[in-house]
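All remarks here apply to the structure that follows.
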Number of protein chains: 2
Amino acid sequence: MPQTMTSADLRIHNQVRLLRAVHDAAEPFTRAEAARLLGIGRNTAAALVGELEQARLLHEVPAETSGRGRPTTLLVPHPQGPLAFAVDFREDTWTLAAAELGGAVTELETGEHDRTPNVFAEIRAAVARHETPRLTVLGFATSGPIRDGHRLHISHLGWDEVELGELIGPDWPRTVIDNDARLAGLAEARRGALRGMGTALHFHIDFDIGGTLLLAGDAQRGGHNIAGEFGHMPLSGSTLRCMCGVQGCWSLDVGANALIRRFGEAPGYGAGRELAQEVLRRAEAGDVEAGAALDDNAAALGKGLGALANALDPEAISLSGLGVELIRLRRAVIEAQCVEALMEFRRNEPPQIVAGKLGGAGPLRGAAEVAWDAVLNADWVKARLTGGR
Amino acid sequence: MPQTMTSADLRIHNQVRLLRAVHDAAEPFTRAEAARLLGIGRNTAAALVGELEQARLLHEVPAETSGRGRPTTLLVPHPQGPLAFAVDFREDTWTLAAAELGGAVTELETGEHDRTPNVFAEIRAAVARHETPRLTVLGFATSGPIRDGHRLHISHLGWDEVELGELIGPDWPRTVIDNDARLAGLAEARRGALRGMGTALHFHIDFDIGGTLLLAGDAQRGGHNIAGEFGHMPLSGSTLRCMCGVQGCWSLDVGANALIRRFGEAPGYGAGRELAQEVLRRAEAGDVEAGAALDDNAAALGKGLGALANALDPEAISLSGLGVELIRLRRAVIEAQCVEALMEFRRNEPPQIVAGKLGGAGPLRGAAEVAWDAVLNADWVKARLTGGR
DNA sequence: ACATTTTTGTTCGCGATAAGAACATAACAA
DNA sequence: TTGTTATGTTCTTATCGCGAACAAAAATGT
């Protein structure tokens, strides 16, 4: 029972609702619209916004008039307001960006790295180079599961059980870290192809398949923060043994490894991704063998999606990574196999299978979302309003 | 943006929190404890409770004193307060019960039925026989998916797309209907083996496997209210075709049908359940063939649970129906196969696999929960406080 | 050019809420 | 009997959002 409620908390509560609305909105809205949206009076809205402007959280700019009525103002993030930084930490590169309230993201810096934990110091240095008093919270996207929120398993870097505390020390700004596939899904749910869905799934297809279940715009984390390893269910009938230790994983039939295995290439990271791209190119050019590889990949993908849809009943499923190419080149195969894997009574209403709208920016955008989530709450807003900082 | 908030709504909000706390608590608590629990003052608590007593929602009874201090009162459901009725509608029988705020359930009546939609009229008549002004809402548990909340598919009764509106008319009390496996899971999450878990799974194993994902004590419903058909994912490697229209369903290897298929019995309902019980008895008595059938069942069950745990990362998994017997007789097999299906890095922390605590009462208890859920909200409490009804 | 309509901003008084302080009460303990 | 402890009760106070009335600024109509 956390949320105690006094009259004073009421004010904060409504201010958080207002900030959340501004953050989540696709387009900025006016103060009068905000009052209607929140179901409060215009006078109350004026008071709320006034305090938030004072705290440099919101800013009012004249709205271009449309129709009759007294002109009003648009509610936008304050130009000197708080900033969230977001980091997308990839196999051999990283990107640092700044995200305003409302979701606007500007890239600050990118770099390569040597695959050792030193990269975290590099990233910290990059953050320092762009440091500003506006920096409030940092969202960090990395691949691999993060057990209990603090133990990293990044297999393609050979990091087995790296303690987060040794990488992100007390000299870091307040930091929220999460899995990249999960964050990409969250970004699609908040600002992409899954916007407004009550139940949806997102999968990032690379060498592996990672994903997340999205409920009312929130990514599910599981009991130990390691939910989302959908690629390690036996959904497509493979008999091979997977690197994860399990036999028959879906990931063995879908993604880059499956694509290149048929051409005698060993599964692996690094060069494998280029090989997979080469297979895609050849398939697109009409190469029969490459086309068959693509067909198999798409078929296994569809089969798994259908099975998952039976259990979880998503309104839509979005894909990123290789999934985008698979949809572009083999949508029919995916959908046919998906429907075949659906229980008969569901087949007249299959889940939409769509390409993610955010492309490669998904993890970064998702990192910005969780960073803001960590801050858009009663406690932080209250402190900001009273303390001044 | 629903929840507008005025000072008056604040009172209701806290009263709903209080009612919810009373409803969810395992043991009744005192008014002073309630104040601490909700983080409000003793004076406020007194005012809240006073109004709720007036509205016949709560009742105060003297608490046996423990230690020093002025004696206080225990907060219990009002003896003339609202009642929820709950119905468990099964293959050939039904049960009607009354549920108090707080979850106490008393059975009112049971009956058999002829498997035609007439049974709904019978149940309605039974409700009428026990009708009281206290009756406020009715929860209804039935098997089979209920698409979009109003189209029933109960395959073992041969009901394909029965419109709920034709069964439950305007002469019914306010009614909430849901799937039995889902409700059983909900009941375990609220009052059984899954209590307090953030992420959990429940499966009811009968001829089929139905289940639900439970997040923070709430059962997930999916985009079309038909989530939970976990039995129709290809998790155990079967090559048979399922009655649902899909090949390789998990349900083909787990549950009563799988148990009796090995003895040449056709899958089906009715007598099949007794046959399955007979196999269990023989296995327990030492019959080798029956024991092997049980082994296979348990192995397929464990394999599937492991696969699902990879994707959804539950803290615990509870089972009902045949699952209880499978745990009793073959826990080792289930757990071994589950661990083998888990990704290696998860194996040192496998999900607990537990028997449901509520047994056959699960669906009924769950129906009571969703009935109360429909009523324990600001709108209803507000109406009750002001309107008097 | 001017009145009208429409929408929004602003001001002020009102009723209600929960908090907090002070005190009363009823048990137990020494 | 007296002190201790936990709770109930009463009263005052700061704050909140609402509603009503009015002012302001645009578009519209004549």
Side-chain angles (χ1 to χ4, degrees), chain A residues 1-18 21 28-55 58-75 378 381-382 385-386, chain B residues 1-18 21 28-55 58-75 378 381-382 385-386:
Chain A
M1 280 290 157
Q3 40 173 349
T4 180
M5 267 292 184
T6 151
S7 317
D9 296 329
L10 190 52
R11 185 58 149 267
I12 307 287
H13 174 79
N14 280 327
Q15 281 167 328
V16 170
R17 286 207 302 150
L18 179 54
F29 48 81
T30 70
R31 205 171 78 184
E33 284 167 347
R36 280 190 295 270
L37 190 64
L38 300 194
I40 60 181
R42 295 194 301 275
N43 46 1
T44 307
L48 297 182
V49 171
E51 290 180 17
L52 291 173
E53 172 106 45
Q54 199 91 44
L58 284 187
H59 188 55
E60 295 185 87
V61 297
E64 66 281 22
T65 74
S66 69
R68 296 186 183 187
R70 176 169 172 171
T72 178
T73 56
L74 232 39
L75 266 31
V381 172
K382 184 174 195 169
L385 283 167
T386 61
Chain B
M1 278 292 154
Q3 39 171 348
T4 181
M5 267 293 183
T6 151
S7 317
D9 295 329
L10 191 52
R11 184 57 148 266
I12 307 288
H13 173 79
N14 280 327
Q15 281 167 329
V16 170
R17 285 208 301 150
L18 180 53
F29 47 80
T30 69
R31 204 172 78 183
E33 285 166 346
R36 280 190 295 268
L37 190 65
L38 301 193
I40 60 182
R42 295 194 301 274
N43 46 2
T44 307
L48 297 182
V49 171
E51 290 180 18
L52 291 173
E53 172 105 45
Q54 198 90 42
L58 284 187
H59 188 56
E60 295 185 87
V61 297
E64 66 280 23
T65 75
S66 67
R68 295 186 184 189
R70 175 170 173 172
T72 177
T73 56
L74 231 39
L75 266 30
V381 172
K382 183 175 194 166
L385 283 167
T386 61

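Letters A, B, ... are given to chains in the order of the sequence lines, protein chains preceding strands, and every chain is numbered from 1. All of these numbers come straight from a predicted model, not from anything done at the bench. Just so it is clear, the values below take in all heavy atoms, side chains as well, and ignore hydrogens, waters and symmetry mates.
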Phosphate contact (D/dA27 OP1 or OP2) by A/Thr65 side-chain N/O below 4.0 Å: yes
Any B/Arg11 side-chain nitrogen or oxygen under 4.0 Å from OP1 or OP2 of C/dA16: no
side-chain hydrogen bond (donor to acceptor under 3.5 Å, both in side chains) partners for A/Gln54, two or more places apart: none
Residue B/Arg68, side-chain heavy atoms: nucleotide from C/dA29, C/dA19, C/dT7 that is nearest: C/dA29
Phosphate-side-chain proximity, A/Asn14 and D/dC16, N/O vs OP1/OP2 below 4.0 Å: no
Interatomic distance, B/Leu10 CG vs D/dA14 P [rounded to whole Å]: 19 Å
Test item: A/Lys382 and A/Gln15 side chains (from C-beta on) under 4.5 Å apart, heavy atoms: no
Atom pair distance, as rounded to whole Å: CD in A/Glu60 and P in C/dT10: 8 Å
Per B/Asn43 side chain, nearest of listed nucleotides D/dT9, D/dT7, C/dA16: D/dT9
Whichever of B/Arg42 and A/Ala8 has its nearest DNA chain D nucleotide further upstream toward 5': B/Arg42
Whichever of A/Ser7 and B/Thr72 has its nearest DNA chain D nucleotide further upstream toward 5': B/Thr72
Any A/Thr44 side-chain N or O less than 4.0 Å from OP1/OP2 of D/dC18: yes
N/O (side chain, B/Thr6) to phosphate O (OP1/OP2, D/dC16) under 4.0 Å: no
Phosphate OP1/OP2 of C/dT8: any A/Arg36 side-chain N/O under 4.0 Å: yes
Atom pair distance, as rounded to whole Å: CG in A/Leu74 and C1' in C/dT7: 16 Å
Listed nucleotide nearest any side-chain atom of B/Arg31, set C/dA26, C/dA18, D/dG8: D/dG8
Side-chain (B/Glu33) to main-chain (B/Thr30) donor-acceptor, under 3.5 angstrom: yes
Contact check, side chains of B/Glu60 and B/Leu74, non-hydrogen atoms, under 4.5 Å: no
OP1 or OP2 of D/dA23 under 4.0 Å from side-chain N/O of A/Arg70: no
Relative orientation of the end axes in the helix from C/dA1-D/dT30 to C/dA30-D/dT1, expressed as an angle to the nearest 10° (five pairs per end): 0°
Side-chain heavy-atom pair A/Val49, A/Leu75 within 4.5 angstrom cut-off: yes
